[in-house]
Colleague: 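First, the structure itself, so that you have it in front of you.
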Amino acid sequence: AKRLLNDLSGFAIRPENLLSARDDNTYVLVDIIRNIAHKLGCQLAVVDLRAGLVDVALQFLTEPNVERVFVTTASGQSISALSSMMASLGMIESQTNVKCRQPFILVNQVPIQSMYNNNFTGEISTRLIKKGDESFLTDSSGTENPEPSVAIGFMHHMPDLVAMTDDWDLFLKVLSS
């Protein structure tokens, strides 16, 4: 475990090594999930990954056809950790010269009083867009107003969802209310 967010390069085995170690089939796990979903008749498979740059997450987050959604809180530590992860993923994009899909970042559990504070949400958005633009490969089409490298949304804190039941029917009832 690393506690210094800027020290991801200090690993003896770095994220890009995990991908290049399986050159014969880098995205084997993604392919397995895709095949299972197809056989089940599903149009979409959602995989909830453990936070951080672990081998399994790298297979999904660096596969060019996977939609990437990052869920974070507005805490400084969470935003810094996400920024470090985007930098590492961008490094892999640069090394492989393969642009992945634009990530969607959901900033979750925002206090209701901060939710509609444009200074609060604007500061977080600006910081994440800047980091994404620095990190990820950009579309070199030369358009005058290029699309930002990340899309961002905010979700207010919903205390009822923090300690939710594991009973599916009750969960749906609480969620719909």
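What you are looking at is a predicted structure, and each value in this text was computed from that prediction instead of being measured.
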Colleague: Looking at every heavy atom in both Pro148 and Ile129, which two are closest together, and how far apart are they?
Modeller: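 Nearest pair, atom of Pro148 first, then Ile129: CB-CG2, 3.9 Å.
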
Colleague: Using 0.5 Å steps for rounding, measure from the CZ atom of Phe171 to the CG atom of Asp166.
Modeller: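 Between atom CZ of Phe171 and atom CG of Asp166 there are 11.0 Å.
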
Colleague: Find the distance between OG1 (Thr72) and CG (Leu106) and round it off to the nearest 0.5 Å.
Modeller: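 It comes to 9.0 Å.
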
Colleague: Please check if the number of heavy atoms outside Glu123 that lie under 6.0 Å from its CD is greater than 12.
Modeller: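 No, the 6.0 Å shell around CD holds no more than 12 heavy atoms from other groups.
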
Colleague: Give a yes or no answer on whether the side chain of Ser135 reaches the backbone of Gly90 with a donor-acceptor pair at less than 3.5 Å.
Modeller: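 Not a single qualifying donor-acceptor pair exists.
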
Colleague: Quick one: OG on Ser125 to CZ on Arg127, what's the gap to the nearest 0.5 Å?
Modeller: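 Atom-to-atom, Ser125:OG and Arg127:CZ are 12.0 Å apart.
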
Colleague: Check for a donor-acceptor pair, side chain of Glu93 on one end and backbone N or O of Leu137 on the other, with a separation under 3.5 Å.
Modeller: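 Here the side-chain-to-backbone pair exists.
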
Colleague: Checking side-chain polar atoms at under 3.5 Å, does Asn108 have a donor or acceptor matched by the opposite partner on Thr73?
Modeller: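 No, no side-chain donor-acceptor contact under 3.5 Å.
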
Colleague: Would the distance check show the side chain of Ser177 and the main-chain N or O of Val174 forming a donor-acceptor pair, the cut-off being under 3.5 Å?
Modeller: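 Yes, the answer is positive, given that a donor and an acceptor are paired below the 3.5 Å cut-off.
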
Colleague: Identify whether Met155 and Val46 are in the same connected component of the hydrophobic contact network (ILVMFWY, side-chain heavy atoms under 4.5 Å).
Modeller: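 No.
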
Colleague: Just checking, is any N or O donor in the side chain of Arg68 or Thr62 under 3.5 Å from an acceptor N or O on the other one?
Modeller: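 Arg68 vs Thr62: no donor-acceptor pair found between side chains.
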
Colleague: Supply the atom-to-atom distance Asn35 CG to His38 NE2, rounded to the nearest 0.5 angstrom.
Modeller: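 Going from CG on Asn35 over to NE2 on His38, the span is 8.0 Å.
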
Colleague: Is any side-chain heavy atom of Lys99 closer than 4.5 Å to one of Phe136?
Modeller: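 No, their side chains stay 4.5 Å or more apart.
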
Colleague: Is there side-chain contact between Leu58 and Leu89, with at least one heavy-atom pair below 4.5 Å?
Modeller: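 With C-beta onward as the side chain, the pair touches.
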
Colleague: For the hydrophobic clusters of this structure (ILVMFWY residues joined by side-chain heavy atoms under 4.5 Å, transitively), does one cluster hold both Val98 and Val66?
Modeller: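 Different clusters: Val98 never reaches Val66 through Ile, Leu, Val, Met, Phe, Trp or Tyr contacts under 4.5 Å.
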
Colleague: So does Glu67 get a backbone contact from the side chain of Arg101, meaning a donor-acceptor N/O pair under 3.5 Å?
Modeller: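 Here the side-chain-to-backbone pair does not exist.
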
Colleague: Would you call Asp133-Lys130 a salt bridge at under 4.0 Å N-O?
Modeller: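 Answer for the salt bridge query: no.
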
Colleague: When rounded to the nearest 0.5 angstrom, what distance separates CG in Leu82 from NZ in Lys131?
Modeller: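 Taking CG in Leu82 and NZ in Lys131, the distance rounds to 10.5 Å.
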
Colleague: For Ser75 and Ser78, test the side chains for any donor-to-acceptor distance below 3.5 angstrom and give the result as yes or no.
Modeller: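 Indeed, the side chains of Ser75 and Ser78 share at least one donor-acceptor pair under 3.5 Å.
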
Colleague: For Glu63 and Val30, work out which heavy atoms get closest and say how close.
Modeller: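 Taking every non-hydrogen atom into account, CG-CG1, 4.1 Å.
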
Colleague: State yes or no: do Tyr116 and Val107 share one hydrophobic cluster built from I, L, V, M, F, W and Y residues joined by side-chain heavy-atom distances below 4.5 Å, directly or via other members?
Modeller: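 Yes, Tyr116 connects to Val107 through the hydrophobic network.
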
Colleague: In this structure, are over 12 heavy atoms from other groups packed under 6.0 Å from Asp167 atom CG?
Modeller: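 It does: Asp167 CG has more than 12 such atoms within range.
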
Colleague: Can you find a pair of side-chain heavy atoms, one from Lys173 and one from Asp169, that are under 4.5 Å apart?
Modeller: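 The answer is no; the side chains never approach within 4.5 Å.
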
Colleague: Answer yes or no: is there a donor N or O on one side and an acceptor on the other, between the side chain of Gln109 and the main chain of His157, under 3.5 Å?
Modeller: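 No, Gln109 side chain to His157 backbone: no donor-acceptor pair under 3.5 Å.
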
Colleague: Nearest 0.5 Å please: distance from the CD1 atom of Ile105 over to the CZ atom of Phe154.
Modeller: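 CZ of Phe154 is found 9.0 Å from CD1 of Ile105.
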
Colleague: Under the side-chain contact (heavy atoms from CB on, under 4.5 Å) rule, what do Ile33 and Phe60 come out as? Steps first, then yes or no, please.
Modeller: CA-CA 10 Å; Ile33 298 293; Phe60 286 93; 3.9 Å; yes

Colleague: Taking all non-hydrogen atoms of both residues into account, name the closest pair between Phe120 and Ala74 and its distance.
Modeller: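 Where Phe120 meets Ala74 most closely, the heavy atoms are CZ-CB, 3.7 Å.
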
Colleague: Give the minimum heavy-atom separation between Gly132 and Ser149, together with the two atoms involved.
Modeller: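 Taking Gly132 first and Ser149 second, the nearest heavy atoms are C-OG, 2.7 Å.
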
Colleague: Does a side-chain heavy-atom distance below 4.5 Å link Leu61 with Phe70?
Modeller: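 Yes, their side chains come closer than 4.5 Å.
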
